[in-house]
There are 2 protein chains.
Amino acid sequence: MPYDDDIWGEFVVAALDQFDRKILALLQENARLTGSELAGKVGLSAAACLRRVQRLRETGVIERDIAVVDPRVFGKRMTVIVLLTLNSDRPDRYNLLRAELEKTPEIVQCDHVTGAHDIVLRVQVADMEEYAAFVDRVLVRPYIKRYESLAVLGHIK
Amino acid sequence: MPYDDDIWGEFVVAALDQFDRKILALLQENARLTGSELAGKVGLSAAACLRRVQRLRETGVIERDIAVVDPRVFGKRMTVIVLLTLNSDRPDRYNLLRAELEKTPEIVQCDHVTGAHDIVLRVQVADMEEYAAFVDRVLVRPYIKRYESLAVLGHIK
DNA sequence: CAGATCTTGCGGTGTTTTCGCAAAATTTGT
DNA sequence: ACAAATTTTGCGAAAACACCGCAAGATCTG
């Protein structure tokens, strides 16, 4: 085999060489690069590049290709990062909360964390009024002990 | 004009009709849909769909197309959310810090916020050791008064 | 209601991707 | 270290796709 196989969670995936890594790095920045554009940047023929991209997709290394849409288009001009602290005496409700957070459309990113807080949300809303409604609807509940809102002033990255 | 113009920050952008919104929703899920696939789903001809996509790109509604790569491929299995508090007596260094954060490869997301902290980072690293090195290299400096690390246990969304 | 403006669908054209094939490169077994 | 087996490469043809111009239709303006 030209590549060494590598264990990867439960999956066995062909290891990636320098060409694959270069291609991935480029496609993560701009997924619309054509075969010949890739060819010029990685030093392989267009066909070889495209075959590699094809395999990266099939094996799930490239999970999907998405269009990044300016959130302001949907009138969601305001981003808030929310730090949640839960009541540790009600751990049974965690799964329930988790399921609800997953369904809430204003929440665009949500992670379970360890440290001074328990959950970090990224919330996308139109304005303060909508954010206030979101807080009332989603965050004001017994299992949530405390929440801290950090309004995003600007995206650095 | 078939569309009403709408003020949008400093830009004037044609308002989006139901077709544009449908197209955007589809492309946000899968940017590789072809013209005829879009046509079947939105009820326009392939050419009309592609013309709309083209305009959405030109006007910046679609900012870019990116490949979503499984982060485990790069061995970056650990995500940490970092809350930074800056020394308010050195505001002149903010732009310098900002430029450095932008260049730092471990930082995959970075927002300037208002509230109990000043900056929120999302950091992708291989393991604790690499995170420790990141902290020493990037976070230990005079202008940063405090940092709080929240290691991500699981992604809810 | 008429003129101006924009969008649509169609068809042709150029680009991009996909596929087969033989040669070159890499790996495996002895 | 050598030869067979496997894999990847580059090239060229074929298919799929995106792009552009044009005439017709739709929408907007005064």
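All heavy atoms count here, side chains included; hydrogens, waters and symmetry mates do not. Numbers restart at 1 for each chain; the letters A, B, ... are given by sequence-line order, proteins then strands.
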*Asks:* Please assess B:L121 against A:K157 for the test side chain to side chain contact (heavy atoms under 4.5 Å, CB included), listing each intermediate value before the final yes or no.
*Replies:* CA-CA 9 Å; B:L121 309 178; A:K157 196 173 194 171; over 6 Å; no
*Asks:* Would you say that A:Y131 contacts A:E106 through its side chain, given a criterion of any heavy-atom pair below 4.5 Å between the two side chains?
*Replies:*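 They are not in side-chain contact.
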*Asks:* A:L38 has an atom CG; how far is it from atom C1' of C:dT16, in whole Å?
*Replies:*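 A:L38 atom CG is separated from C:dT16 atom C1' by 12 Å.
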*Asks:* Please state how far atom CD in A:Q54 lies from atom C1' in C:dC19, giving the value in whole angstrom units.
*Replies:*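 So the CD-C1' distance, A:Q54 to C:dC19, works out to 9 Å.
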*Asks:* Could you go through B:V42 and B:L26, starting from their C-alpha distance and side-chain angles, then the distance that decides it, and tell me whether this counts as side chain to side chain contact (heavy atoms under 4.5 Å, CB included)?
*Replies:* CA-CA 9 Å; B:V42 309; B:L26 290 166; 3.8 Å; yes
*Asks:* Measuring only between side-chain heavy atoms, which start at C-beta, is A:R57 closer than 4.5 Å to A:D65?
*Replies:*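 Yes; the side chains approach each other to less than 4.5 Å.
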*Asks:* Are A:L101 and A:V138 close enough, and set up right, to give a side chain to side chain contact (heavy atoms under 4.5 Å, CB included), and what steps lead you there?
*Replies:* CA-CA 8 Å; A:L101 295 179; A:V138 180; 4.0 Å; yes
*Asks:* Specify the separation, in whole Å, of atom CG of A:L16 and atom P of D:dT7.
*Replies:*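 Distance check: A:L16 CG to D:dT7 P gives 17 Å.
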*Asks:* How many whole angstroms separate atom CG of A:D65 from atom P of C:dT17?
*Replies:*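 A:D65 atom CG is separated from C:dT17 atom P by 12 Å.
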*Asks:* Could you check how far CG of B:L50 sits from C1' of D:dC17, rounded to whole Å?
*Replies:*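 Going from CG in B:L50 over to C1' in D:dC17 covers 8 Å.
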*Asks:* For nucleotides 10-15 of chain D, read 5' to 3', which letter fits each nucleotide if B means a protein heavy atom sits under 4.0 Å from the base, S means only the sugar-phosphate is that close, and - means neither?
*Replies:* BB----
*Asks:* Between B:E29 and A:R64, is the salt bridge (charged side-chain N to carboxylate O under 4.0 Å, His left out) condition met? List the steps.
*Replies:* CA-CA 8 Å; B:E29 287 296 313; A:R64 53 215 274 256; 3.4 Å; yes
*Asks:* In residues 22-37 of chain A, what residues come within less than 4.0 Å of DNA chain C, judged by heavy atoms?
*Replies:*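 Residues of residues 22-37 of chain A that come under 4.0 Å of DNA chain C are, in numerical order, A:T34, A:G35.
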*Asks:* Would you say the side-chain atoms of A:Q124 and A:R77 include a donor-acceptor pair closer than 3.5 Å?
*Replies:*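 On atom types as modelled, these side chains do not qualify, holding no pair under 3.5 Å.
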*Asks:* Measure CG/A:D20 against C1'/D:dT9 and give the value in whole Å, please.
*Replies:*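 Value for this atom pair: 14 Å.
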*Asks:* Taking only the side-chain heavy atoms of A:R52 (C-beta and beyond), determine which of D:dA18, D:dT9, C:dT8 contains the nearest atom.
*Replies:*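 Shortest atom-to-atom distance from the side chain points to D:dT9.
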*Asks:* To the nearest Å, give me how far apart CD (A:E58) and P (C:dC19) are.
*Replies:*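 Going from A:E58 (CD) to C:dC19 (P), I get 9 Å.
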*Asks:* Could you state the atom-to-atom distance from CZ of B:F19 to C1' of C:dC6 in whole Å?
*Replies:*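 Atom CZ in B:F19 sits about 15 Å away from atom C1' in C:dC6.
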*Asks:* Atom OG of B:S45 and atom CZ of B:R51: how far apart are they, to the nearest 0.5 Å?
*Replies:*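 Reported to 0.5 Å precision, the distance equals 6.0 Å.
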*Asks:* If you apply the rule side chain to side chain contact (heavy atoms under 4.5 Å, CB included), what do you find for A:L84 with A:L139, and how did you get there?
*Replies:* CA-CA 9 Å; A:L84 295 187; A:L139 302 185; 3.8 Å; yes
